[in-house]
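Can you keep this structure in mind? I'll have questions shortly.
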Amino acid sequence: MLTWGDVRRWDPAAIGQVADALTDGCTRIIAANDDVEAMARFTGWTGDAAIAATTRGESLTSTLEGLVAQASAVRRGAHEVQIALDRIVAFVRETDELAHRNGLAIGTGGEITPAGVPSHDQPRVMAELADRVEQGLRRATDVDADFAEILRRALRGEITEQGGGTLAQAADAGAAQSGLSIIGPPENGTPGDNKAWWASLSDTAKVALLQGNPGLVGNLDGIPATDRDAANRAVLAREIARLQGDPKLKGLEAIQQRLDRSEPQAFLLGLDTGGDGKAIVSAGNPDTAVNVATYVPGTGSELSKIGGDLNRSDKMWAAATTSGSPSTAVITWLGYDAPNEITDAASPEYADGGKAALAQFQDGLRETHQGPPSHNTVMGHSYGTTVVGHAAVDGGLAADELVFVASPGVGAHDVSELRLDGVNQDEIGKHVHATVAEHDMINLANLEIAGYDPILGQDPADADFGGQVFTSAPGTDGWGGYSKEAHSEYWEDNNPSLRNLGLIIAGKPSS
């Protein structure tokens with residue numbers, strides 16, 4: 001039975017050395033492929049001796065193919081186990097450091113004892129440490145069992161080259177057979193279903209999926225942010241190489257540049273290069289942040305233009321931090337097909353097409369968050385507010401605040417038609433916020449003509465809507481008092497709307 005002391009002494013590099021040695025051995029044998037095949041081919045020699053020699057050569061070749069297949073299986077398994085061990089050893093180190101910071105120590109058997117000046121919340125930390133020790137030992141036991149099974153299969157000769165071929169083909173076949181049998185995620189599963197499926201996998205199995213099928217994992221709501229990020233980074237690298245010359249490449253490169261910056265750390269939570277492209281990028285880890293905001297951009301948004309939206313999210317992260325948020329994540333959610341032109345934005349069709357995906361994403365944030373529930377805000381800009389509104393009207397959103405910036409309408413006549421989980425319906429108006437600049441051309445879309453309501457619903461910045469209206473700068477003036485520029489100036493450094501967005505994300509009153 002594994003103990004905390006055993007896992008503390010684990011050396012992932014040693015497993016890596018096993019994988020390297022097996023790689024070198026297989027490479028040398030495969031390099032001698034012509035000589036090996038010659039054992040079974042004696043041109044111009046006939047008779048009983050020739051038959052015996054050929055039979056012996058074929059037997060040796062078959063044996064070598066089996067050995068190469070088995071070695072390749074163990075090599076791949078060792079590589080996957082090394083990565084899994086790296087994750088576990090880091091988890092053990094973080095747990096030991098948490099104990100030390102709070103005047104505690106974890107013994108080799110997993111016992112937790114005082115070892116210094118106690119912290120003010122030591123009882124809570126002790127409970128957390130006990131949970132982490134149990135979780136770490138369970139994960140370590142799973143990985144140990146996984147590698148043992150791979151070794152047993154190889155030793156029993158169950159991993160063999162199938163169908164004949166070269167030694168290189170034998171190596172490929174062995175590597176393909178080395179993976180553990182992994183049942184895929186539930187079809188059309190909820191975020192809760194996906195979370196349960198992912199939790200059921202061992203670390204080795206997770207590593208195998210993240211390496212072998214990252215596209216399966218990266219876009220699943222209910223999977224932890226760090227794992228979605230690992231999967232999608234692999235997909236991003238592949239797509240950057242594949243889409244040279246494609247307009248979407250500009251957006252992919254903008255995402256890569258954002259991931260390369262460290263403050264705040266970014267997480268790639270979704271990526272799809274089909275059509276105009278979709279992407280979900282978080283500034284900060286939403287699974288650990290106290291305050292989490294999801295920003296939905298509007299008309300004209302697509303993968304190739306995502307750089308500007310990422311910059312807006314970074315500005316909102318900074319504004320929330322300045323406003324006193326202890327930890328923040330602001331997510332750029334380009335997870336729907338946005339209207340390409342203003343004329344397209346007159347239809348609710350795009351909002352209806354994206355509302356379910358937004359609602360499921362928000363459900364996923366609730367499922368994967370660690371510790372007490374985070375304070376979640378969902379905000380939209382322009383047509384993005386229509387998507388947010390339709391999602392809140394249709395079935396409700398897993399959020400604590402809604403923010404509508406420069407809205408053409410949210411599919412509701414007033415706040416009473418909006419639903420937020422955890423918010424008493426009698427108090428919904430306190431959790432719905434809206435703003436529109438005086439000179440923003442979107443005001444033209446909100447005009448009531450001859451008694452008819454605006455096409456997409458009432459303006460949420462209208463006092464009669466029932467929400468909290470916050471201040472924005474008037475914006476650039478233009479023909480007739482309205483301009484296109486004012487529609488995009490809400491995130492300028494000197495605009496009070498940016499400060500107010502930070503306050504709302506931080507859970508504080510806006511002005």
Nearest atoms (heavy-atom pairs only) where H433 meets S510 | ND1-OG, 4.4 Å

Could you list the residues that satisfy side chain to side chain donor-acceptor pair (under 3.5 Å) with N495, not counting sequence neighbours?
-> S497

Take N443 and D440 through the side-chain contact (heavy atoms from CB on, under 4.5 Å) test and state the conclusion after the steps.
-> CA-CA 6 Å; N443 288 292; D440 190 338; 3.9 Å; yes

Any donor-acceptor pair under 3.5 Å from S282 side chain to N285 backbone =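 No; zero donor-acceptor contacts below 3.5 Å.
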
Only counting residues at least two apart or in another chain, list the ones meeting side-chain contact (heavy atoms from CB on, under 4.5 Å) with A412.
-> V393, V410, E417, L418, F465

Would you mind telling me which of T386, V436, V432, T435 makes a side-chain contact (heavy atoms from CB on, under 4.5 Å) with F404?
->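 Running side-chain contact (heavy atoms from CB on, under 4.5 Å) over T386, V436, V432, T435 with F404 returns exactly one hit, V432.
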
If every non-hydrogen atom of A437 is compared with every non-hydrogen atom of P474, which pair is closest and at what distance?
->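 Of all heavy-atom pairs spanning A437 and P474, the closest is CB-O, 3.5 Å.
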
Any side-chain heavy-atom pair of K278 and L303 under 4.5 Å |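 No - every pair of side-chain heavy atoms lies 4.5 Å or more apart.
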
Looking at side-chain heavy atoms only, is the closest gap between N376 and R366 below 4.5 Å?
-> yes

Stepwise, does the side-chain contact (heavy atoms from CB on, under 4.5 Å) test hold for I15 with F147?
-> CA-CA 10 Å; I15 298 294; F147 197 33; 4.0 Å; yes

Counterpart residues, side-chain contact (heavy atoms from CB on, under 4.5 Å), relative to R242 (two or more places apart) | E239, T273

Hey, could you give me the CG/CD1 distance between L269 and I280, rounded to the nearest 0.5 Å?
-> 6.5 Å

Could you list the residues that satisfy side-chain contact (heavy atoms from CB on, under 4.5 Å) with P348, not counting sequence neighbours?
-> D352, H390, L456

Partners meeting salt bridge (charged side-chain N to carboxylate O under 4.0 Å, His left out) with D272 (sequence neighbours left out) | none

If you measure from the Lys or Arg side-chain nitrogens to the Asp or Glu carboxylate oxygens, is any gap between D314 and R261 under 4.0 Å?
->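 Looking at R261 together with D314, the answer is yes, because their closest N to O distance falls below 4.0 Å.
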
Side-chain heavy-atom pair N291, P326 within 4.5 angstrom cut-off |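 Yes; the side chains approach each other to less than 4.5 Å.
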
Return the minimal non-hydrogen interatomic distance between R258 and P264, and the atom names on each side.
->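 So the minimum-distance heavy-atom pair works out to NH2-O, 2.7 Å.
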
So the salt bridge (charged side-chain N to carboxylate O under 4.0 Å, His left out) pairs with at least one residue in residues 283-294 (sequence neighbours excluded) are none

Dump the intermediate steps for side-chain contact (heavy atoms from CB on, under 4.5 Å) on D142 and D203, then the final yes or no.
-> CA-CA 7 Å; D142 286 343; D203 269 45; over 6 Å; no

Gap separating the CG atom of L365 from the CD atom of Q360, nearest 0.5 angstrom = 11.5 Å

Distance-minimising heavy-atom pair for E367 and K195 |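 Heavy-atom minimum between the residues: O-NZ, 2.8 Å.
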
With S325, which of T328, T321, T322 fulfils side-chain hydrogen bond (donor to acceptor under 3.5 Å, both in side chains)?
-> T328

More than 12 heavy atoms of other residues, nucleotides or ligands under 6.0 Å from CD1 of I342: is that the case?
->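 It does not: I342 CD1 has 12 such atoms or fewer within range.
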
Check side-chain contact (heavy atoms from CB on, under 4.5 Å) between T476 and all other residues, then give those that pass, not counting sequence neighbours.
-> S483, E485, E489

Side chain of S313, backbone of L310: donor and acceptor closer than 3.5 Å?
->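 Checked: no pair found.
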
Which distance, rounded to the nearest 0.5 Å, do you find between the CD1 of I442 and the NE2 of H487?
->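 I442 CD1 to H487 NE2: 4.5 Å, rounded to 0.5 Å.
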
Enclosure of E341 CD (heavy-atom neighbours >12, cutoff 6.0 Å) = no

Which heavy atom in E349 sits nearest to a heavy atom in Y383, and how many Å separate them?
->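 The pair with the smallest heavy-atom distance is N-OH, 3.9 Å.
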
How about R87: does its CZ atom have over 12 heavy atoms from other parts shown lying under 6.0 Å from it?
-> yes

Cut-off 3.5 Å, side chains only: do T226 and D229 have a donor facing an acceptor?
->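 There is no such pair between these side chains.
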
Between the side chain of N500 and the main-chain N/O of P496, is any donor-acceptor distance below 3.5 Å?
->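 Judged by distance alone, yes, a pair lies under 3.5 Å.
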
Is the backbone of V296 close enough, under 3.5 Å, to the side chain of H381 for a donor and an acceptor to pair up by distance?
-> no

For L236 and I255, what are the C-alpha separation, side-chain angles and deciding distance, and is it a side-chain contact (heavy atoms from CB on, under 4.5 Å)?
-> CA-CA 9 Å; L236 176 65; I255 292 172; 4.0 Å; yes

Please list, chain by chain and in numerical order, all residues satisfying side chain to side chain donor-acceptor pair (under 3.5 Å) with R138, sequence neighbours excluded.
->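 Partners of R138 under the side chain to side chain donor-acceptor pair (under 3.5 Å) test: E134.
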
Is the shortest heavy-atom distance from the side chain of Y482 to the side chain of E438 under 4.5 Å?
->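 A side-chain contact is absent here, since even the closest heavy-atom pair is not under 4.5 Å.
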
Spacing of CH2 belonging to W198 relative to NZ belonging to K206, to within rounding of 0.5 Å | 6.5 Å

Would a distance-only check, ignoring hydrogens and angles, find a side-chain to backbone donor-acceptor pair under 3.5 Å from N311 to G308?
->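 Not at all, since once roles are kept as given, no pair shorter than 3.5 Å links the two residues.
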
What is the distance from atom CG of D421 to atom CG of D400, rounded to the nearest 0.5 Å?
-> 7.0 Å

Identify, with sequence neighbours excluded, every residue that meets side chain to side chain donor-acceptor pair (under 3.5 Å) alongside T377.
-> none

Quick one: does I505's side chain get under 4.5 Å of V292's, heavy atoms only?
->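 No, too far: nothing below the 4.5 Å cut-off.
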
Rounded to the nearest 0.5 Å, how far apart are CD of E492 and NZ of K315?
->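 Atom-to-atom, E492:CD and K315:NZ are 7.0 Å apart.
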
Do the side chain of H439 and the main chain of K484 share a donor and acceptor less than 3.5 angstrom apart?
->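 No, H439 side chain to K484 backbone: no donor-acceptor pair under 3.5 Å.
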
Set of residues satisfying salt bridge (charged side-chain N to carboxylate O under 4.0 Å, His left out) with respect to D260, sequence neighbours excluded | none

Return yes if some donor-acceptor pair links the side-chain N/O of Q458 with the main-chain N/O of H413 below 3.5 Å, else return no.
-> no

Ignoring hydrogens and geometry, is there a side-chain-to-backbone donor-acceptor pair from K248 to L243 under 3.5 Å?
->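 No, K248 side chain to L243 backbone: no donor-acceptor pair under 3.5 Å.
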
Can you tell if the side chain of N232 reaches within under 4.5 Å of the side chain of F267, non-hydrogen atoms only?
->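 Side chain of N232 against side chain of F267, heavy atoms only: no contact under 4.5 Å found.
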
Residue pair I306 / G251: nearest heavy atoms and the distance that separates them |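 Nearest heavy atoms, I306 then G251: CG2-O, 3.8 Å.
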
Are any non-hydrogen side-chain atoms of L358 and T294 less than 4.5 angstrom apart?
-> yes

With Y295 via side chain to side chain donor-acceptor pair (under 3.5 Å) - residues at least two apart = D309, R312

Pair H431, Q468: side-chain N/O donor-acceptor within cut-off below 3.5 Å =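 Checked: H431/Q468 side chains show no N/O donor-acceptor pair below 3.5 Å.
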
Side-chain donor-acceptor contacts of residues 213-223 below 3.5 Å, not counting sequence neighbours, with atom names and distances?
| residue | atom | partner | partner atom | Å |
| --- | --- | --- | --- | --- |
| N219 | OD1 | L271 | N | 2.9 |
| N219 | ND2 | L271 | O | 3.2 |
| D221 | OD1 | R228 | NH1 | 3.1 |

